[in-house]
Amino acid sequence: MQTQELLQNLLTQKYIKSIVIEGNYMTNKSAVLLDSQNGTVFSVSADFLFYFKDKSNNGWLTIPEELILNGKKYYPQLGDSITKNDGTTYYFTTKEAVIEMASSYFKKFIDPHYGIQTIVHGLSFFENIDDKSDIYWVIFQKFKSRKHQQIEAFVSSN
């Protein structure tokens with residue numbers, strides 16, 4: 001898949017609830033994708049700076065013209081790495097590598113059931129024979145797609 005297509009796919013998926021997307025890449029070319037469970041984050045700024053940080057605080061980013069860390073100016077090259085005072089290590093790589101890392105991490109959290117709303121209805125039947133009472137439940141499940149309003153499916157079990 002081409003890099004731009006992979007990026008658009010990454011930022012337009014419907015993810016499980018712990019994955020949060022902020023911003024709109026399609027309109028302003030900036031967005032953040034966050035795993036709220038462990039702090040893993042992917043960020044794109046002005047379609048220029050791409051950043052991916054894993055749960056161990058390792059960060060991969062595209063190469064900026066200049067970077068100021070710990071009060072010093074750096075002019076990183078492809079393959080360089082810098083470690084901050086807090087132990088966070090930044091690795092400088094290509095846009096394609098950053099997008100590929102983010103895509104392979106976040107694809108595990110795509111929600112295949114997004115947009116399906118489940119409605120459950122049931123009936124109960126009582127049967128009294130002599131001194132014994134039995135209750136029977138019949139469940140009807142109706143599935144309605146949020147994306148395609150014309151689709152309805154019913155499942156019944158006794």
Side-chain angles (χ1 to χ4, degrees), residues 1-121 139-157:
M1 194 180 294
Q2 300 256 338
T3 304
Q4 195 64 27
E5 187 179 339
L6 188 61
L7 177 62
Q8 288 178 356
N9 191 30
L10 175 66
L11 294 172
T12 56
Q13 288 293 332
K14 303 301 182 188
Y15 295 98
I16 61 174
K17 290 184 181 186
S18 64
I19 306 300
V20 178
I21 299 176
E22 290 295 327
N24 189 336
Y25 177 76
M26 303 309 260
T27 58
N28 61 15
K29 301 299 182 195
S30 296
V32 175
L33 188 56
L34 170 70
D35 182 345
S36 62
Q37 298 293 318
N38 65 20
T40 299
V41 66
F42 170 72
S43 171
V44 56
S45 300
D47 208 21
F48 169 73
L49 184 64
F50 295 83
Y51 172 69
F52 177 73
K53 180 186 75 75
D54 66 11
K55 64 182 177 183
S56 302
N57 273 342
N58 296 309
W60 291 264
L61 66 149
T62 52
I63 303 166
E65 289 181 21
E66 176 181 271
L67 182 67
I68 300 173
L69 280 177
N70 305 329
K72 297 180 183 176
K73 287 185 181 182
Y74 293 94
Y75 301 93
Q77 301 295 316
L78 184 63
D80 287 352
S81 65
I82 295 176
T83 303
K84 286 178 43 179
N85 291 339
D86 65 1
T88 303
T89 303
Y90 294 98
Y91 302 94
F92 298 95
T93 187
T94 63
K95 167 184 173 178
E96 293 80 11
V98 174
I99 293 170
E100 181 59 41
M101 280 187 264
S103 180
S104 43
Y105 176 78
F106 285 104
K107 74 180 176 186
K108 300 179 283 191
F109 302 103
I110 294 172
D111 186 356
H113 306 293
Y114 183 86
I116 296 176
Q117 179 184 13
T118 305
I119 302 168
V120 178
H121 296 282
I139 305 287
F140 299 105
Q141 288 185 316
K142 177 181 177 183
F143 299 92
K144 183 73 174 164
S145 172
R146 288 184 190 163
K147 289 185 178 180
H148 307 285
Q149 295 298 319
Q150 68 276 16
I151 297 175
E152 286 191 18
F154 295 90
V155 177
S156 159
S157 60

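Just so it is clear, the values below take in all heavy atoms, side chains as well, and ignore hydrogens, waters and symmetry mates.
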Between [Y] and [X], do the side chains contain a donor N or O and an acceptor N or O under 3.5 Å apart?
{"X": "Asn9", "Y": "Glu5", "answer": "no"}
{"X": "Asn38", "Y": "Thr40", "answer": "yes"}
{"X": "Asn28", "Y": "Ser30", "answer": "no"}

Please report the shortest heavy-atom distance between [X] and [Y], naming the atom on each side.
{"X": "Leu10", "Y": "Ser103", "answer": "CD1-CA, 3.8 Å"}
{"X": "Thr62", "Y": "Pro64", "answer": "O-CD, 3.0 Å"}
{"X": "Pro112", "Y": "Ile110", "answer": "CD-O, 3.1 Å"}
{"X": "Leu7", "Y": "Phe50", "answer": "CD2-CE2, 3.7 Å"}
{"X": "Lys53", "Y": "Gly39", "answer": "NZ-O, 3.1 Å"}

Can you sort out the partners of Ile21 under side-chain contact (heavy atoms from CB on, under 4.5 Å), two or more places apart, ordered by chain and number?
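Testing Ile21 for side-chain contact (heavy atoms from CB on, under 4.5 Å), a comparison that skips the adjacent residues, returns Tyr15, Leu33.
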
My understanding is that only residues two or more places apart in sequence, or in another chain, count here; which of them pass side-chain contact (heavy atoms from CB on, under 4.5 Å) with Ser43?
Val32, Ser45, Tyr51

Looking at [atom1] of [X] and [atom2] of [Y], how far apart are the two atoms once the value is rounded to the nearest 0.5 Å?
{"X": "Thr12", "Y": "Lys14", "atom1": "OG1", "atom2": "NZ", "answer": "8.0 Å"}
{"X": "Phe106", "Y": "Ile19", "atom1": "CZ", "atom2": "CD1", "answer": "5.5 Å"}
{"X": "Lys55", "Y": "Gln37", "atom1": "NZ", "atom2": "CD", "answer": "11.5 Å"}
{"X": "Trp60", "Y": "Tyr91", "atom1": "CH2", "atom2": "OH", "answer": "6.5 Å"}
{"X": "Gln4", "Y": "Lys95", "atom1": "CD", "atom2": "NZ", "answer": "5.0 Å"}
{"X": "Glu65", "Y": "Phe48", "atom1": "CD", "atom2": "CZ", "answer": "6.0 Å"}

Does any non-hydrogen side-chain atom of Glu100 lie less than 4.5 Å from one of Leu6?
yes

Validate the cation-pi geometry between Lys29 and Tyr25: distance from NZ or CZ to the six-membered ring centre under 6.0 Å, angle to the ring axis within 45°.
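Yes, cation above the ring, under 6.0 Å and within 45°.
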
Decide yes or no on side chain to side chain donor-acceptor pair (under 3.5 Å) for Thr88 and Asp86, but give the supporting numbers first.
CA-CA 6 Å; Thr88 303; Asp86 65 1; 3.0 Å; yes

Hey, mind stepping through Leu67 and Tyr90 against side-chain contact (heavy atoms from CB on, under 4.5 Å) and telling me if it holds?
CA-CA 11 Å; Leu67 182 67; Tyr90 294 98; 5.7 Å; no

Phe52 and Tyr105: CA distance, side-chain angles, deciding distance, side-chain contact (heavy atoms from CB on, under 4.5 Å) verdict
CA-CA 10 Å; Phe52 177 73; Tyr105 176 78; 3.9 Å; yes

Using distance only, find each side-chain donor-acceptor pair of residues 72-84 under 3.5 Å and give its atom names and separation, not counting sequence neighbours.
residue	atom	partner	partner atom	Å
Tyr75	OH	Glu66	OE1	2.9
Asp80	OD2	Gln77	N	2.8
Thr83	OG1	Thr89	OG1	3.3

